[in-house]
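Working notes, structure below.
Labels below follow one simple rule: chain letters A, B, ... track the order of the sequence lines, proteins then strands, and each chain is numbered from 1. Treat the numbers as computed from the prediction; the structure is a model and nothing was measured.
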2 protein chains.
Amino acid sequence: MKKNLSLKDVSKLIGVSTATISNAFNRPDQLSVALRERILKECERIGYSGPSMIARSLRSGQSDVVAIMLSDSLTYSFSDPMATDFMAGITEVLAKAHKQILLLSSTIKSDAQIRAESLPDGFIFYGAPEGDSFKRVIRSGKPLIVVDFDFPDVPSVNIDNFEACKQLASHAIQNGIDVPAIIGMRLVTDNHVKPITAGDLDHDKQEISWQRLFGYLAGAQEKSADILPENIIHLPVNVLDQAEEGARQLLSKPKRPNVILCMSDIIAIAVCKVARELNLSVPGDVRVTGFDDIAEAERNQPPLTTISQQGYEKGQLAARMLLDKSDERVMMDAKLVVRESG
Amino acid sequence: MKKNLSLKDVSKLIGVSTATISNAFNRPDQLSVALRERILKECERIGYSGPSMIARSLRSGQSDVVAIMLSDSLTYSFSDPMATDFMAGITEVLAKAHKQILLLSSTIKSDAQIRAESLPDGFIFYGAPEGDSFKRVIRSGKPLIVVDFDFPDVPSVNIDNFEACKQLASHAIQNGIDVPAIIGMRLVTDNHVKPITAGDLDHDKQEISWQRLFGYLAGAQEKSADILPENIIHLPVNVLDQAEEGARQLLSKPKRPNVILCMSDIIAIAVCKVARELNLSVPGDVRVTGFDDIAEAERNQPPLTTISQQGYEKGQLAARMLLDKSDERVMMDAKLVVRESG
DNA sequence: CTGAAAGCGCTTACAG
DNA sequence: CTGAAAGCGCTTACAG
């Protein structure tokens, strides 16, 4: 690797002090237009692309880098349409503000990542983080926005999961004769696809998946329907094949559920696929609802009834709040989208 | 923002020289286990998370950051299943190697981004870049891998687009009576969805979309079929609504094509949707093929015949090659996947 | 095993 | 408008 030119080298090469060259790049008002142009042209010619970000950050304490701290691994996040929509929204706003994006995951606990946390001058946390990254960022005093979770005195963007799910369940369930079921992710700590137990329902849980679950239960209650624990399936991860397994468990029961409330569109898509394999019609034999309103929800056969989370707008908002040093705690709208599936 | 502790502060607080604390974090063999443990514990207690990455990078010339340089905007890339698959593969490998990910786009030409290019100690270019970022990285001498394009003496990962498309066209087209058509993106420089002209076919083009186009033409020739320029539709961007417009143009022609070769699965999905709207059956009235084999290709109704690009594996390979300082120029397999659509 | 000191490439108050 | 100099927070060869 060639040694790159430094300000000092350039200073010698073109016979102007380092301060002036630095000013040519960073503070145009500090020198004459003519000199500035000459310097910039010479730099171009000799192949100096401007001051190094690292030295500049060290000196000025500002990096213009924003970190997105994901609560899942980067690899999983890239496969999750909600996460990628959200990041697309963030990057749209940050690109305009000339910020760079560093991708971090709280699932990683290496020294390298902890070190990397010193680089960004702002953080967007997406989902409740593992480990101590959150604590370290709070301690650093750097601006941050948290999304899809909550912490006292920290600006945040959330949706009302309980209310959205209550509305959705109340729409999909018609009366007490219906047999509703739920498929959700990360309800309990278990690596298997299986129903939860009555005991799991006892405790007051704060996680998003439980806010949704309690919303479904409330919506069912409005229609005088019961959702039994044995009809509430836990998936360790929000992926298609686990969802298919959950769907098969439910749809092969003697007393087959005729409404399946899914905590993501991915799950709902899987349920529709399994229903097709079993020659069950959606919504005729079983009504299916999703959550998120990802692009594929509309293209699914049949198109999914779901809750629109507006991941892209969520990302835009979080990024704008970070740039504006907002201290608000925003609750975004999550709208019921009725299509054909349920 | 609170001032964070520096090595010097910590040194005073716990009465050990800065060098020793640095060694406690970075070179465990340079001090006794007992002392190291004491130092780490004290640091934990007073809230010092270890040496700052910025200062360390400046001093040591190594950042453990890898940049992914995308040829599209970050916002678009997050909506492109191939790009996200590819990045998922990269991050899987790099996370294990304790590398951090900086996301850059060659569509951005700000000083801030140019500065940011000084941070990473390795680059993965995805798609032929705009502007001078490629030139600057080459000049820096830092390791890089380019993907989906080519440059003399630069290690790369590609697939044989021509051969794959030839095979696909030869599969989908049955004889000279068939009326095949093509929908591709970025064939010409034009912001409208419209057919190309005979003149556009004259020049020798290197872009991926033209490699594919020439492959389709070669495959058609094998089956004695002609693809007229008026049946080759250009889309400015690979997005669903443009693809739908292209599909409508083709399917409303008096002499309606009965084979549509699409340069991405997204386009093929759009064509299937339009066909459904027009009450045309796929593959009965019109055979449709995709490219990429994204997850949704298999879930589409009907499931898509397509070319599997293995974006995830491509990302893994590119990342591994970067870490290994490979200088190979790899041509990956792209396999024909025959499903029901064509 | 430990510490004093140089220097990585910048920015910025300050003096001229 | 321009330049000399301090210092951002580290790592590392070197001396003890």
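Using a 4.0 Å cut-off, no side-chain N or O of A/Asn23 falls inside it from OP1 or OP2 of C/dT12.
Listed candidates were D/dC8, D/dA4, D/dC10. Nearest to the side chain of B/Leu7 is D/dC10. Here the nucleotide nearest the side chain of B/Ser17, chosen from C/dG3, D/dC8, C/dT12, is C/dG3. Distance from the side chain of A/Arg59 is smallest to C/dC10 among C/dG3, D/dG9, C/dC10. Residue B/Ser6 places its side chain closer to D/dG9 than to any other of D/dG9, C/dT2, D/dT11. Candidate nucleotides D/dG9, C/dT11, D/dG3 were compared by shortest atom distance to the side chain of A/Ser60, and C/dT11 ranks first. Considering only side-chain atoms of B/Arg27, the nucleotide from D/dT12, D/dT11, C/dT12 that sits closest is D/dT12.
In this pair, B/Phe151 and B/Phe134 present their aromatic rings perpendicular. The plane angle is above 60°, beyond the 30 to 60° band. B/Phe86 and B/Tyr126 have parallel rings, their planes meeting at less than 30° on a 0 to 90° scale where 60° marks the start of perpendicular.
Under the side-chain contact (heavy atoms from CB on, under 4.5 Å) rule, A/Ile39 has a single partner from A/Ile21, A/Val10, A/Asn23, which is A/Ile21.
For B/Ser105 and B/Thr107, the side-chain atoms include at least one donor-acceptor pair closer than 3.5 Å.
Taken residue by residue, residues 38-54 of chain A places no heavy atom nearer than 4.0 Å to DNA chain D.
Comparing B/Gln30 and B/Arg56 against DNA chain D, the residue whose closest nucleotide sits nearer the 5' end is B/Arg56.
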Given pairs defined as Watson-Crick or G-U wobble with both distances under 3.5 Å, what dot-bracket annotation applies to DNA chain D, with ( ) intrastrand, [ ] crossing, | other strand and . unpaired? |||.||||||||.|||
